[in-house]
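First up is the structure itself, then whatever we jot down about it.
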Amino acid sequence: GTDALVTKQKASQWWASHVRQKTPEQRLFNLLRTDRNYVTREDWKEHLAVLLDTHPGLDFLKGTPEFQDRYLECVVERIYY
């Protein structure tokens with residue numbers, strides 16, 4: 001239906017209310033978290049897993065799922081510490 005269409009006006013309104021006046025830190029925080037006022041390690045893992053799957057420089061990890069999981073955990077821990 002037409003409800004699924006994203007018009008330029010709808011996108012501009014969303015940008016104005018959710019992005020334009022936010023700092024980069026606020027944008028990242030709002031992207032990562034769901035319905036909480038904090039970000040968890042699982043929030044990071046969810047988004048970083050997409051990066052691992054799509055970044056051409058990390059293709060070498062695709063053949064070793066266990067190493068990919070460890071790499072993901074290492075990246076998340078490095079973010080926290």
Side-chain angles (χ1 to χ4, degrees):
T2 58
D3 291 339
L5 295 176
V6 178
T7 64
K8 182 179 178 180
Q9 180 182 2
K10 285 182 183 179
S12 295
Q13 288 172 339
W14 180 87
W15 176 267
S17 65
H18 292 91
V19 180
R20 184 184 328 148
Q21 299 299 322
K22 306 282 194 258
T23 66
E25 294 82 4
Q26 290 171 316
R27 292 177 188 175
L28 178 62
F29 179 76
N30 289 333
L31 172 72
L32 291 173
R33 70 187 179 99
T34 51
D35 57 351
R36 301 176 308 269
N37 288 328
Y38 55 91
V39 176
T40 67
R41 284 171 171 79
E42 291 304 314
D43 295 327
W44 283 101
K45 287 180 182 178
E46 180 181 329
H47 291 279
L48 290 172
V50 174
L51 180 66
L52 286 177
D53 286 340
T54 58
H55 192 287
L58 299 173
D59 279 344
F60 70 95
L61 292 172
K62 289 184 179 178
T64 54
E66 184 177 326
F67 185 70
Q68 187 173 2
D69 290 340
R70 298 299 149 260
Y71 182 80
L72 185 59
E73 288 176 11
C74 179
V75 170
V76 171
E77 291 306 315
R78 295 279 302 184
I79 290 170
Y80 277 89
Y81 300 103

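Scope of the values below: all heavy atoms of this structure, side chains included, with no hydrogens, waters or symmetry mates.
Note on ring orientation: taking the six-membered ring where Trp is involved, the planes of Phe67 and Phe60 are tilted (angle from 30° to 60°).
Salt-bridge annotation for Arg41 and Glu73: absent, with no side-chain N of the basic residue lying under 4.0 Å from a carboxylate O of the acidic one.
The shortest distance between side-chain heavy atoms of Ile79 and Leu48 falls below 4.5 Å.
Without hydrogens or angle criteria, Asp69 side chain to Glu66 main chain gives no donor-acceptor distance under 3.5 Å.
Nearest heavy-atom pair, Trp44 versus Val76, reported as atom, atom and distance to 0.1 Å: CB-CG2, 3.9 Å. Residues Val39 and Arg33 come closest through the heavy atom pair CG2-CB, 4.2 Å.
Each of Glu25, Arg20, Gln26 was scored for a side-chain contact (heavy atoms from CB on, under 4.5 Å) with Lys22, with one residue passing: Gln26.
Within a 6.0 Å radius of CZ in Arg78, other residues, nucleotides and ligands contribute 12 heavy atoms or fewer.
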**OP:** Begin with the C-alpha distance, continue with both residues' side-chain angles, and end with the deciding distance and a verdict on side chain to side chain contact (heavy atoms under 4.5 Å, CB included) for Tyr71 and Leu58.
**Re:** CA-CA 10 Å; Tyr71 182 80; Leu58 299 173; 4.0 Å; yes
Original post:
Yes or no on side chain to side chain contact (heavy atoms under 4.5 Å, CB included) for Val19 and Trp14, after CA distance, side-chain angles and deciding distance?
Top reply: CA-CA 8 Å; Val19 180; Trp14 180 87; 3.4 Å; yes
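Linking Ile, Leu, Val, Met, Phe, Trp and Tyr whenever their side-chain heavy atoms come within less than 4.5 Å leaves Tyr81 and Tyr38 in two separate clusters. Leu32 and Val50 sit in two unconnected hydrophobic clusters of ILVMFWY residues. Membership requires side-chain heavy atoms under 4.5 Å apart, directly or through other members. Hydrophobic clustering of Ile, Leu, Val, Met, Phe, Trp and Tyr side chains at less than 4.5 Å, counting indirect connections, keeps Val6 apart from Trp15.
When only modelled atom types and interatomic distance are considered, Asn30 and Arg27 share no side-chain donor-acceptor pair under 3.5 Å.
Note that CG of Leu72 and CD of Glu77 are 10.5 Å apart. Values are rounded to the nearest 0.5 Å. Here the CG-NE2 distance, from Leu28 to His47, works out to 8.5 Å after rounding to the nearest 0.5 Å. Rounded to the nearest 0.5 angstrom, Asp53 CG and Gln68 CD are separated by 5.5 Å.
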